[in-house]
Amino acid sequence: MKQSARRKGLKQVFLYIVWIALTLITLFPIYWMFLISARSRVELFSNRNLYQTTIFWENFVRPLFQGVYGQYVVNSLIVATGNTLLVVVLAVLAAYALSRYRVKGGQNIFFWTITNRMAPPAAFMLPLFLLYSRVLRIGDLQLYDTHIGLILVYCVFNLPFAIWLLKGIIDGIPTSLDDAARVDGASTVGIIRRIIVPLAAPGIAITALLAWIFAWNEFLFATTLTSVKARTITTGLVEFVTVVGTNWGEMAAMAIISLLPALLFLVLVQRYIIAGLTFGAVRE
Amino acid sequence: MKSSKTAWGLLAPTLIILGLVGLLPFIYVLYVGFHDWMIFAKVSGLVWAGVDNYRELVFDEDFLAALGRGLRFTIWTVSIQMVLGLLLAHLLMKKFKGRGFFRAIHALPLTVAPLVVGATWRLLTIPGLGPLPFYLNKIGIDYNIGWSAQQAFFTTVLMHIWHWTPFVTLTFLAGLSALPKEPFEGAMVDGANQWQIFRYIFLPMLKPVILIALFLRIMDALRIVDEVWMLTGGGPGTATRYVGIHIWRVVFPMTNYGYGSAMSVLLLYFIIVVCWLLLTVITQAKREAGT
Amino acid sequence: MKTYWKLVIPITLIVLVATVLGACVPAPPPAVEPPVEEVAPPAEVPTWWAEAAAPYKGVTIRGISESTPPSKYVLEVLVAPFEKETGINVEFEVTSWDEMYTKAIRDMEAATGIYDFVYIEQDIIYAYLAQNFLVDLTAFSEANPNLLYPELEMDDFTAFIDNFKDAEGHVYGLPFEAFLKVYLYRTDLFEDPEIKAAFKEQYGWDLRPATTFEEYRQIADFFTLWGKEQGVELWGSTVQAGSHPAAFYEMFETIFPSFGVYNWGINMENWKATTANGGALDSDRAKEALRYWVEMLEVAPPEARASTWDEVAASFAGGRAAQGWVYGENAAWIATDETRSAVVGKVGVALPPLYEGVLDDAKARRGYIGYYDGGAMGIPHSSKNQEAAWLFIQWISRKEIQGDFAAKTARIVRTSTFDDPLVKEMDPKVGGYYTLFKEHGDLFKGAPPFPFHAPIREVILPYILKAIAGEMTPEAALDEAAKAVDAELVKLGYGQ
Amino acid sequence: MEAKKTNKKREPGFLRMETNLFDRIFIGVVIFVAIHLLWMRFLESSISLTVASIISLVLIFVIAKWG
């Protein structure tokens with residue numbers, strides 16, 4: 001028994017070493033991006049130190065306050081949040097239907113949803129562009145360059161993924177719970193709201209987190225389907241790639257700014273996930 | 001059949017939206033794929049071409065090579081990501097001090113946009129600007145992803161792993177969170193060791209989620225564009241010109257919509273078949289094991 | 001049925017919330033700070049603009065351009081006064097080079113009418129004309145005489161405007177920016193007495209900007225070695241050899257012409273590139289040029305293989321190359337901006353090195369010695385606000401703003417701008433770039449007038465990249481490329 | 001409509017899998033495309049593509065019926 005205690009201690013130490021190494025590897029590229037954002041253009045090529053004592057604020061100030069990037073951040077927030085809300089609600093409903101009911105061809109529908117995500121993006125941009133700017137159009141109103149347009153189009157990759165993930169999770173919730181609730185007279189919506197959602201909450205949280213991040217970071221759809229008004233921060237980033245010297249400093253600065261909301265979101269949701277994880281109870 | 005009606009009601013909004021933004025464009029791309037459409041041709045616009053585009057495609061060495069490269073990239077990245085993700089999820093399941101901290105750090109790369117990931121890694125690896133070539137050079141390793149095809153390939157692999165392993169881990173954690181804990185406790189009582197728990201309880205129970213993560217990673221890796229585009233632009237030579245990038249070049253800079261559409265359809269076909277085979281093999285295996 | 005309705009309501013609600021979230025947020029027009037520096041003071045701007053624009057007050061026009069300093073200048077300096085003067089709203093989208101093309105072409109091809117004015121690079125204008133993408137500005141201004149700014153002075157534009165004319169001399173775009181790809185060198189190194197002596201001793205001639213390719217290579221060799229000996233990070237020459245169309249452009253618009261291979265080696269009479277059919281893409285001279293350029297990588301900074309036009313300028317500005325072919329629009333900031341450049345005041349400008357006979361060809365208009373690049377602003381045929389857009393592109397072509405515009409962004413489209421005091425003051429600081437531009441600009445030329453452009457570039461590019469990466473020899477690469485071009489041109493409908 | 005049959009339990013056919021009609025048609029289409037692609041690459045120079053179409057259509061029918 002003593003031996004095993006020592007082994008356990010060693011294992012702990014080993015575990016921490018692994019985590020610390022992983023942390024360093026994970027953080028290094030982001031740290032380097034921060035260093036780049038803190039350096040002026042002249043410094044970039046001459047200074048390769050792994051630390052930095054001065055900060056070249058202009059990289060942050062110019063794009064954020066003189067440019068239009070502040071607005072882009074707001075656009076991104078709207079689009080990502082709107083899309084996440086829509087996706088999570090629809091996916092819970094769809095996953096519940098596919099998990100609990102014997103729908104004709106349910107397996108096939110289930111597989112079909114995921115094929116939506118498989119399409120190589122390039123060629124699919126043109127039909128979407130035409131759809132948004134010409135087909136779905138009433139007078140001057142069109143989906144092109146609107147937030148709602150992006151919110152809808154992001155369903156193409158977020159919805160299948162959310163349905164797949166949530167179905168796996170809902171499958172794991174015993175049906176006996178639904179049946180019990182149904183006997184008590186709960187409606188379908190009631191069951192989803194009172195049984196499924198609370199039990200699948202950590203899973204839903206992770207799904208929402210990932211969906212939000214995917215939407216926040218999306219580039220191709222955003223650049224194809226927006227122009228000025230609904231432009232998102234990721235599409236704004238390519239503006240720094242110019243003929244007269246890619247403006248790495250400002251680009252890194254904006255990249256860091258674009259990373260902050262996602263980070264905040266991540267931290268908030270993480271707390272929720274940890275609280276819901278029943279695995280904390282498993283001890284060695 | 002009242003319940004079935006409810007189920008359709010639950011599914012309806014999803015099907016409508018996916019039909020609108022997923023199915024409609026697909027039909028259009030399929031249609032364009034049977035046409036010649038080069039914007040800067042003498043005769044511009046759609047010209048019926050039958051299966052000519054596909055006939056050309058099966059002999060197109062560049063496309064097939066790009067497809068092969070994409071596959072190689074996918075196999076490398078996805079297998080490593082799955083193993084790493086599984087291990088890390090398993091580790092993160094245990095309670096230890098700082099677990100929350102490590103989990104947050106581990107998920108950090110996910111929050112970076114693919115485009116920015118590419119840019120960041122470019123900043124890391126560009127000779128003259130990045131620290132990687134600079135410090136590797138000091139210990140005698142000549143590292144230049146603009147020059148060595150091998151290095152460029154593995155740099156893209158590494159970047160992809162860096163970026164997407166957290167996704168796999170998080171997906172597994174999501175799956176884990178909904179699992180009942182009784183089997184684990186039961187096994188613990190029976191004196192099963194770590195490996196046995198992992199092998200006989202953890203893995204089988206996690207199978208559906210593993211499958212999802214595997215699918216998503218395979219399809220995303222096969223059609224990858226932005227990250228690699230930003231990092232290497234497909235170079236040096238054609239070393240990292242994966243199939244997604246190849247299609248991208250044909251559709252946008254080359255403005256050959258017809259041929260590009262045919263390529264997209266073929267790639268989509270390919271991905272669907274791969275995923276469907278995987279799904280079938282796995283579900284069949286499960287069924288046979290069950291009986 | 002009851003449960004069904006209970007479902008519909010929350011779903012509708014959610015969709016509504018998402019819609020409202022998406023729709024109700026006001027997207028204020030990009031807030032462009034009015035510039036602090038004096039821009040054409042309002043007094044100088046005649047009320048002609050307000051009068052001409054009266055019917056279009058409140059109209060919103062949308063345009064797209066590449067995010068270059070000239071475009072940023074327009075966005076940050078010229079848009080706000082125009083909006084104030086005319087009441088026309090301008091949404092000016094600036095994005096990366098490839099995005100700009102993709103979006104503008106898609107809009108014009110599908111005739112969606114999103115853009116009212118587009119940036120047209122010199123090299124793609126012929127393809128646009130072949131597809132009837134653009135509004136004939138000459139005809140348009142004749143049809144709308146009241147919209148023609150009386151002081152536009154079309155004759156004042158440099159010969160660069162000829163690129164934007166069709167066979168009958170009708171103009172399809174007002175020049176917006178133009179510059180040369182010149183030979184930049186480091187004056188501090190070239191004039192250092194010790195270096196000069198060492199160089200003379202080694203090669204037997206006085207160190208000065210190279211005029212031939214042998215000289216250029218010798219200088220490059222010398223400085224690469226010198227950098228190594230001195231322990232500084234210095235190499236002989238920049239090379240624009242990243243996996244990007246930039247590599248193609250440096251080879252085809254700069255190196256080939258100065259080796260005497262013109263028009264991409266394509267025979268424009270029968271649209272063939274192989275020598276067997278009268279082309280020159282796989283000729284010995286072309287192969288020599290490509291080999292020379294690829295071998296230049298041996299004495300280029302290591303980042304050259306990942307360099308586009310951006311990084312080439314950055315390498316030179318970082319003081320990492322002794323000489324190089326650099327786009328002239330970069331000359332201004334490399335030579336003057338201390339926050340971005342480490343070689344301020346140490347930059348010399350010269351004509352690129354040339355193969356024998358090329359200068360005579362250029363003087364006799366049989367050939368050209370390098371790249372005269374730039375672009376114009378035009379109006380897509382699908383635009384719904386052509387009048388307002390026409391006003392705007394005249395606004396940014398006004399004579400009185402050109403001096404400041406040129407001094408800040410190193411682009412010149414009007415003859416009178418060369419004599420502008422601001423430009424004259426700037427000239428010595430950038431090693432005489434403007435003078436060289438004025439005097440020798442006509443030896444340079446833009447891209448050949450092909451009715452296609454990007455498709456053929458994309459056909460050739462992979463071969464060039466393979467040659468750079470060593471997957472193919474330069475000779476084999478060009479042999480293959482020429483065959484591929486012939487095949488592709490047939491597909492495009494040329495040269496049957 | 002075939003839909004009625006799709007959900008019916010049936011004994012696995014020669015594919016030795018539990019499938020519904022939709023699955024079998026899907027398999028048929030996948031094979032249809034694969035045959036055409038391979039045919040174009042290897043056989044079209046000697047045998048017309050129409051033959052491939054006929055063969056694959058027959059295959060789809062066989063799989064849908066007995067698969």
Side-chain angles (χ1 to χ4, degrees), chain A residues 19 23 26 29 32-33 36 44-45 48 90 93-94 96-97 101 103 113-120 122-124 126-128 131 152-153 155-156 159 161 164-165 168-169 172 188 200 202-203 206 213 217 219 234 237 248 251 255 259 262-263 266-267 270 274 276-282, chain B residues 3-4 6-7 10-11 13-14 17-18 21-22 25 28-29 93 95 100 102-116 119-121 123-124 128-129 131 134 170 174-179 181 184 208-209 212 216 219 223 226 244 247-248 251 257 260-261 264 267-268 271-272:
Chain A
W19 277 114
T23 304
T26 309
W32 181 253
M33 188 161 73
I36 293 282
L44 280 187
F45 277 96
R48 260 164 310 205
L90 294 186
L93 299 183
Y96 181 78
Y101 293 91
V103 190
T113 55
I114 201 79
T115 58
N116 277 290
R117 205 194 149 97
M118 297 176 184
F124 286 78
L126 182 71
L128 276 170
L131 192 70
L152 277 180
V153 83
C155 287
V156 127
L159 202 46
F161 138 80
W164 273 62
L165 198 55
I169 289 162
T188 310
I206 293 187
I213 286 171
N217 286 341
F219 169 70
T234 12
L237 286 174
W248 293 118
M251 184 167 175
L259 191 143
L263 191 65
L266 181 81
V267 171
Q270 284 262 348
I274 295 167
L277 260 183
T278 47
F279 269 97
V282 183
Chain B
S3 63
S4 175
T6 318
L10 292 165
L11 279 170
T14 300
I17 290 183
L18 284 184
V21 290
Y28 186 82
V29 169
M93 220 174 74
K95 216 170 196 168
F102 286 130
R103 199 196 320 240
I105 294 287
H106 179 59
L108 196 59
L110 255 191
T111 62
V112 190
L115 200 75
V116 178
T120 308
W121 279 73
L123 288 174
L124 275 178
L129 204 139
F134 183 73
L170 277 187
L176 281 173
S177 63
L179 292 185
K181 56 184 172 182
F184 290 85
V209 182
I212 294 156
L216 289 171
M219 59 188 77
R223 41 171 225 158
D226 347 7
I247 295 178
W248 181 261
V251 174
Y257 288 165
S261 296
S264 298
L267 179 60
L268 183 57
I271 300 178
I272 290 179

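Summarising the geometry of B:Leu18 relative to A:Cys155, their closest heavy-atom pair is CD2-O, 3.8 Å, with the distance given to 0.1 Å. Closest approach of B:His106 and A:Thr26 over heavy atoms only: O-CG2, 4.4 Å. Of all heavy-atom pairs spanning B:Ala113 and A:Asn217, the tightest one is CA-CG, 3.2 Å. Taking all atoms of both residues into account, the shortest heavy-atom contact from B:Arg223 to A:Ala119 is NH1-O, 2.7 Å. When all heavy atoms are compared, the tightest approach of A:Asn116 to B:Gly22 is OD1-CA, 3.2 Å. Across every non-hydrogen atom of A:Pro120 and B:Ser264, the tightest pair is CG-O, 3.6 Å.
With a 4.5 angstrom heavy-atom cutoff, A:Leu263 touches chain B via backbone and side-chain atoms both. For A:Leu152, the parts sitting under 4.5 Å from any heavy atom of chain B are the backbone and the side chain alike. Heavy atoms of A:Leu159 lying under 4.5 Å from chain B belong exclusively to its side chain. Within the 4.5 angstrom heavy-atom criterion, atoms from both the backbone and the side chain of B:Val21 approach chain A. Looking at A:Trp32, the atoms closer than 4.5 Å to chain B (heavy atoms on both sides) all sit in the side chain, from C-beta outward.
Rounding to the nearest 0.5 Å places OG1 of A:Thr234 at 9.5 Å from CG of B:Asp226. Distance OH/A:Tyr96 to CG/B:Leu11: 12.5 Å, rounded to 0.5 Å. In this structure, OH on B:Tyr28 lies 11.0 Å from CG on A:Leu131, to the nearest 0.5 angstrom. Rounded to the nearest 0.5 Å, atoms CD1 (B:Ile271) and OG1 (A:Thr115) are 10.5 Å apart. A distance of 6.0 Å separates OG1 of B:Thr111 from CD1 of A:Ile213, quoted to the nearest 0.5 Å. Note that the OH atom of B:Tyr257 and the CG atom of A:Leu126 stand 5.0 Å from one another [nearest 0.5 Å].
Taking chain A as the reference chain and counting heavy-atom pairs below 4.5 Å, the highest number among B:Thr120, B:Leu123, B:Leu110, B:Ile212 is found for B:Leu123. In terms of heavy-atom pairs under 4.5 Å with chain B, the best-connected choice from A:Ala123, A:Ala262, A:Ala255, A:Ala94 is A:Ala123. Of the listed residues B:Ala104, B:Ala119, B:Pro131, B:Ala107, the one with more heavy-atom pairs under 4.5 angstrom with chain A than any other is B:Pro131.
Two residues are said to be in side-chain contact when any heavy atoms from C-beta on lie closer than 4.5 Å; B:Val116 and A:Met33 meet this criterion. Side-chain atoms of A:Leu93 and B:Thr14, non-hydrogen and from C-beta on, never get closer than 4.5 Å to each other. Considering only heavy atoms from C-beta on, A:Arg117 comes within 4.5 Å of B:Met219 through its side chain. Contact annotation: the side chain of A:Pro29 approaches that of B:Trp121 to within less than 4.5 Å [non-hydrogen atoms, C-beta and beyond].
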Show your working on side chain to side chain contact (heavy atoms under 4.5 Å, CB included) between A:Leu165 and B:Leu216 and close with a plain yes or no. CA-CA 10 Å; A:Leu165 198 55; B:Leu216 289 171; over 6 Å; no
